[in-house]
Amino acid sequence: MKDIARQELSIHIEVMDMLNDQIQKEAQSSTAYLAMASWCDQQGLENSAQFFYAQAEEERTHMMKIFRFINDNGGNAMAPATSAVNHDFTSLEEVFSDALAHEVGITKSIHKLVAKSRAEHDYATDAFLQWFVTEQMEEEQTMRRALDILKLGEKMSLLQLDERIAELNTAQ
Amino acid sequence: MNLLYTYQKFSIFQSDVTRNFQVDFAGKSVSMSFCELLSFREKLKRIDLQTHFEGADSVEILSLCNKRHLFIFDTLDIIHLKELVRGAFISMAYQNVLV
């Protein structure tokens, strides 16, 4: 009997399921960052808003990268549905703190995917995911740097802090 | 036509000639490409049986193969179909090891 499944699909089926779950998580992240951008915009924190608009776009790019990878390899990429996200924050620090927690969650999810693809000997997906492993490290570093800026500038006004956030926009 | 897996009143066959899969839904046979089989698997996967047990749903209407077929399945059918597809993909994974 021919191995049609393997000929049609280059990635492991259960890894494909997890990649589809990851697509949903990236889409959810994009929506969450959009809500954060909106909050910052409403507070007049233009640089922070700009930062989160860029983050939202970046998460969508991640999502599309995985989406294309699944379809390019014969799989069935599923367009994600997103659920409601938090729009209420009490401070800019809370926004970045939530963003960091979010990134840590995404990193864990990527690491689980890497572990699964290695367990299933799906080395193509493993290689594909290495970009995400590095990317997640950078994402976490950026969020931590933002929180450091906010902590260091406790005596600064919110607008001054927002100007410091602009440094992150140029660094990205 | 090679039998991949059978469960209760449902079966999945594979044809090496047409490179298609034949799903026997208790008498009605549907030919699917691998892509359509993946899509069928995904549709089954997304059915939350908990809502059936809680009484919210008792039937599922599934349109298969780009709306060429429409099926109405009850809870037991869905349980059996989930098992059928799971078994068929495990069978295909074994092929991967053996070939």
Side-chain angles (χ1 to χ4, degrees), chain A residues 1-28 31 63-84 109 112-129, chain B residues 1-6 11-24 30-51 60 62-69 81-99:
Chain A
M1 187 160 51
K2 277 185 186 167
D3 187 6
I4 296 174
R6 177 60 191 87
Q7 287 171 8
E8 297 284 338
L9 181 66
S10 306
I11 51 182
H12 189 275
I13 188 84
E14 286 171 25
V15 175
M16 185 194 80
D17 289 341
M18 286 179 76
L19 285 169
N20 266 320
D21 291 344
Q22 192 62 36
I23 285 175
Q24 198 281 333
K25 284 174 188 160
E26 300 287 350
Q28 192 69 31
T31 311
M63 179 195 89
M64 288 309 297
K65 216 174 161 77
I66 302 171
F67 202 93
R68 294 288 300 270
F69 176 78
I70 294 175
N71 280 342
D72 288 349
N73 286 290
N76 194 8
M78 302 303 292
T82 55
S83 52
S109 178
K112 275 186 192 165
L113 251 168
V114 172
K116 178 70 177 172
S117 53
R118 286 183 185 176
E120 300 295 349
H121 306 288
D122 185 348
Y123 301 114
T125 304
D126 180 20
F128 166 75
L129 288 170
Chain B
M1 196 72 79
N2 301 301
L3 177 67
L4 272 179
Y5 197 69
T6 186
S11 306
I12 297 186
F13 301 86
Q14 175 187 308
S15 166
D16 286 355
V17 181
T18 61
R19 300 178 60 82
N20 268 7
F21 297 85
Q22 203 78 29
V23 183
D24 183 0
V30 172
S31 176
M32 293 185 192
S33 65
F34 181 71
C35 212
E36 288 167 339
L37 186 65
L38 271 185
S39 171
F40 175 46
R41 175 182 175 274
E42 189 62 35
K43 280 176 183 166
L44 285 172
K45 202 163 81 70
R46 290 192 175 211
I47 295 173
D48 182 10
L49 282 171
Q50 197 61 37
T51 60
E60 292 285 343
L62 288 187
S63 94
L64 304 180
C65 308
N66 298 316
K67 299 182 183 172
R68 283 203 308 275
H69 304 280
L81 284 170
K82 276 176 180 266
E83 178 55 31
L84 174 81
V85 171
R86 193 189 67 83
F89 274 89
I90 287 174
S91 176
M92 284 189 262
Y94 277 127
Q95 281 299 313
N96 188 11
V97 174
L98 295 172
V99 172

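All figures in this text were calculated on a predicted structure; none of them were measured in a lab.
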Salt-bridge test for B:Arg68 and B:Glu36: reply yes if a basic N is under 4.0 Å from a carboxylate O, no otherwise.
-> yes

Is the backbone of A:Phe69 close enough, under 3.5 Å, to the side chain of A:Asn73 for a donor and an acceptor to pair up by distance?
-> yes

Counting a contact as any heavy-atom pair under 4.5 Å apart, which residues of residues 16-23 of chain A contact chain B?
-> A:Met16, A:Asp17, A:Asn20

Those residues that, when tested against B:Ser11, pass side chain to side chain contact (heavy atoms under 4.5 Å, CB included) (two or more places apart) | B:Leu3, B:Thr6, B:Phe13, B:Asp24

Would you call B:Arg19 and A:Glu8 a salt bridge, using N to O less than 4.0 angstrom?
-> yes

For the atom pair CE (B:Met92) and CD1 (B:Ile12), what is the distance rounded to the nearest 0.5 Å?
-> 6.5 Å

Give, as side chain, backbone, both or neither, the part of B:Ser15 having an atom under 4.5 angstrom from any heavy atom of chain A.
-> backbone

Of all of B:Asn2, B:Leu38, B:Asp16, B:Leu4, which one pairs up most often with chain A through heavy atoms under 4.5 Å apart?
-> B:Asp16

B:Lys82 side chain to B:Ile47 main-chain N or O, any donor-acceptor pair under 3.5 Å?
-> yes

Find out whether A:Leu113 and A:Val15 are in side-chain contact, i.e. whether some heavy atom of one side chain is under 4.5 Å from a heavy atom of the other.
-> yes

